[in-house]
Amino acid sequence: MINIEIDGKHIETENGSTVIEAAHKAGIAIPHFCYHKKLSIAANCRMCLVQVEKAPKPLPACATPVTEGMKVFTHSDQAVKAQKGVMEFLLINHPLDCPICDQGGECMLQDISVGYGAGHSRYQEEKRMVLSKDIGPLVSAEEMSRCINCTRCVRFGQEIGGKMELGQAFRTEHAEIVSFLSSTVDSELSGNMIDLCPVGALTSKPFRYKARSWELSRRRSISAHDSLGSNLAVHTKNNQVLRVLPIENEAINECWLSDKDRFAYEGLNTSDRLTKPMIKQDGKWQEVEWQVALEYAANGLRHIANGAGAEQVGGLATGGSTLEEMYLLQKLMRGMGSDNVDFRLRQSDFSADGKQQGTPWLGLSVADISRADRLLIVGSFLRKDHPVLAARIRQAVKKGLNVSLIHSADDDQLMHIAHKTIVAPDALVNTLSQVAQAVDAKQSDGIAGSLLSGERVAVLLGNFAQQHPQASQLQTLAQQIAVSTKGKFGFIGDAANSVGGYIAQATPGAKGMNAASMMASPRKAYVLLNVEAELDCANPQQAMAALQSADTVIVLSAYKNKALDYADVLLPIAPFTETSGTFISTEGRVQSFKGVVKPLGEARPAWKVLRVLGNLLKLDGFDFDTSESVRDEALEGVDVSAKLSNAITGVEVKAEVSAAGMQRVSDVPIYATDAVVRRSVPLQATADAAIPKVWMHSEELNNIGVKSGMNVKVNQGSGSVKLACCADDKLPKGVVRIAAGHPATSALGAMFGTITVERA
């Protein structure tokens, strides 16, 4: 530690830290623009000039390292004169458009100019003008004349996003920020540039001209769109969500937010929101009162349970449902005598049920990933499935983390991957088995050598591995590797409540049917919670056939959707912004939140709807007044951390015989993961939300006589689609990569399995 003095205050700080870091740690404010604690030092705004004893001129606090006995003056005459001089330069060309600037009220330049700006300008020349730029549907760069060239946005792209999409061109007063690689910024983290911009140059395009910052009410919430549990501030006005920003939590999302979490709110109040209960009679839909719809639903369930038997009733939920909702769904099913309940809709291998010793989870804290020195990722489209976690891993790689990857696709992770093996889905188990054997044999090269040379090892299974038809074998092998390397292993959950679903007991008991079984062997009645079957299930063909053959389908949804084709009752429920609830993140962190706006129309929180259904069916234990009382019952006597365990026993690992024909490789596109995200117009206008293409090795395209850009016909099961094809020579031969969870591919079958492609 080093002892310094700032403004007469004795401060002890770490060796290697800068003056501005020491000052901030001591609660001393130094004005600045280009400095940010998560970015590299640029020292190009000069606003943080301070006086240092014995230095001949003011020094930038952000770029001046501390030394023993240093004396710093942040508000001396010399320092203030320098800071005011810098402010005068910054304001020379800055437009006087504060009254119409979206950044008004939360602008660093505006705030600091109050203390350091002059009442008038000595410069009478014309201000320079920088032309506006269209950099995509999320970030607005309409008023680049406001830019003060702090380069925070440029450094964020390079250092956190992993890709330099913005750059600074030209010099002196001609310097300006331009899109560097293409005309748009396509990063899945691009919205963070808006937060970083200290002026109104980069603003939120969807939020533009909607409200002033002081008109907004702010409420804390939790991300509903991936498993990290990012902390959010939801900004509302007139009972409408207008903006979502990150709340800093170093242990989870640091100060970042993915674009999916930031802009998904635009999908909340779309034209297809379900705002009144509806029932289908004589093939026609009609709006009815809540009492009528609920009694109709209860009678339908009662009729099936009493007639065909309770085992003919099944309950399905998505992993983005709250703990309270899933708990009451399973309680409703079990109260009726059915054990058929599940939330793992995209899973295809359930052989771990009964062999899993606890609740599957990440296996370590999110913060511990930053401290690991060896990481093996198996079956994960990491960047798009978990953008903020990928950014954390990217930073850890810069500090020495050695990452290896085993997968069936070779996407650019925008970080150094030390070792990677890209194989067809049916070879995934074999490949991981070979790594496990090499680790046991203490081999010093390849993935095994990398893992054995580390002291803090982690093996993480991604969405693709969890959805794999041999997921339990991959889990067993990951466990074996973790034991041999004295490391940890776990799952990067695919949804906000992928851990919470287990804690809520929303999985089948010994006699119950899992999600896949309920579709393969159709039930006579289904209760669907937040489910869009053609997009959320592992095999949409099978799911749609099962639902269309059922006698009664009760859908609890925030939206009208294809359920209009197969449902009998539509009950409008509130999305996460309109209800209170709890998510348990992939690291087992329990986080509750409140609704930030009132439910739209006659929509009601799903926990209330399920409670009333339980009352109408005369089931015991449905006397809840608040969601908190539901949560407390669900977690009563439950030590969540004690329940977390990835340990598995009794699974035999056997090599798969290579499948005949082409194998399907499926990812769920980043903006197709759940109902709200799928309806966000700005997100659906991004490059990541483009209509999926059929990706194959160029040799495979040659075999069927097509070239990149041509249309092909894809057949799987009883369905087919026509899409454009593209060559990707990083894919293994014998596979077809085609997205799932998207309307353009929803006519196809299972996410894994054989698939045929022919010239259209």
On a heavy-atom basis, which atom in [X] and which in [Y] lie closest, and how many Å separate them?
X      : Y      : answer
Val234 : Ser221 : CG2-CB, 3.8 Å
Leu329 : Leu610 : N-CD1, 3.9 Å
Arg383 : Arg394 : CG-NH2, 3.5 Å
Val609 : Leu571 : CG1-CD1, 3.8 Å
Ser746 : Leu535 : CB-CD2, 4.1 Å
Ser213 : Gly104 : OG-O, 3.6 Å

Is a donor on one side and an acceptor on the other found under 3.5 Å between the side chain of [X] and the backbone of [Y]?
X      : Y      : answer
Ser498 : Ala495 : yes
Glu587 : Val366 : yes
Glu532 : Gly741 : no
Arg152 : Leu196 : yes

Evaluation steps, salt bridge (charged side-chain N to carboxylate O under 4.0 Å, His left out), between Asp339 and Arg334:
CA-CA 6 Å; Asp339 225 5; Arg334 293 189 164 110; 2.7 Å; yes
Would you tell me whether [X] and [Y] have side-chain atoms, one donor and one acceptor, within less than 3.5 Å of each other?
X      : Y      : result
Gln356 : Gln475 : yes
Thr507 : Asp342 : no
Thr318 : Asp536 : no
Thr270 : Arg679 : no
Thr686 : Asp688 : no
Thr582 : Glu324 : yes
Asn463 : His386 : yes
Glu633 : Tyr327 : yes

Determine whether Arg243 and Ser204 satisfy the following criterion, side-chain hydrogen bond (donor to acceptor under 3.5 Å, both in side chains), listing intermediate values before the conclusion.
CA-CA 9 Å; Arg243 186 166 68 165; Ser204 167; over 6 Å; no
When you check the gap from the basic side-chain N to the acidic O, do [X] and [Y] get nearer than 4.0 Å?
X      : Y      : answer
Glu578 : Arg273 : yes
Asp385 : Lys260 : no
Lys594 : Glu628 : yes
Asp195 : Arg262 : yes

Mind checking the NZ-CG spacing from Lys210 to Asp102? Nearest 0.5 Å is all I need.
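These two atoms lie 10.0 Å from each other.
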Leu202 side, atom CG; Ser140 side, atom OG - distance, nearest 0.5 Å:
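Spacing of CG (Leu202) from OG (Ser140) equals 8.0 Å.
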Sequence neighbours excluded, every pair satisfying ring pair (Phe, Tyr, Trp, His ring centres under 6.0 Å) that has a member inside residues 202-236
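As it turns out, the ring pair (Phe, Tyr, Trp, His ring centres under 6.0 Å) pairs with a partner in residues 202-236, which skip direct neighbours, are His225-Phe576.
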Validation row, ring centre Phe156 to ring centre Trp256 under 6.0 Å:
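When the ring centroids of Phe156 and Trp256 are compared, they turn out to be within the sub-6.0 Å range.
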Using the ring of Tyr502 (Phe, Tyr or Trp, six-membered ring only), decide whether Lys643 places NZ or CZ under 6.0 Å from its centre and within 45 degrees of its axis.
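No, Lys643 does not sit over the ring of Tyr502.
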Quickly, which of Lys37, Arg220, Lys38 forms a salt bridge (charged side-chain N to carboxylate O under 4.0 Å, His left out) with Glu248? Name it, please.
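Considering Lys37, Arg220, Lys38, a salt bridge (charged side-chain N to carboxylate O under 4.0 Å, His left out) with Glu248 is found only for Lys37.
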Salt bridge (Lys or Arg N to Asp or Glu O under 4.0 Å) contacts touching residues 458-468 (sequence neighbours left out)
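Sorted pair list comes back empty.
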With salt bridge (charged side-chain N to carboxylate O under 4.0 Å, His left out) as the test, would you mind laying out the steps for Glu602 and Lys276 before giving the verdict?
CA-CA 5 Å; Glu602 292 186 29; Lys276 287 201 76 171; 3.6 Å; yes
Using ring pair (Phe, Tyr, Trp, His ring centres under 6.0 Å) as the criterion, list what pairs up with His407, not counting sequence neighbours.
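Testing His407 for ring pair (Phe, Tyr, Trp, His ring centres under 6.0 Å), a comparison that skips the adjacent residues, returns Phe381, Phe464.
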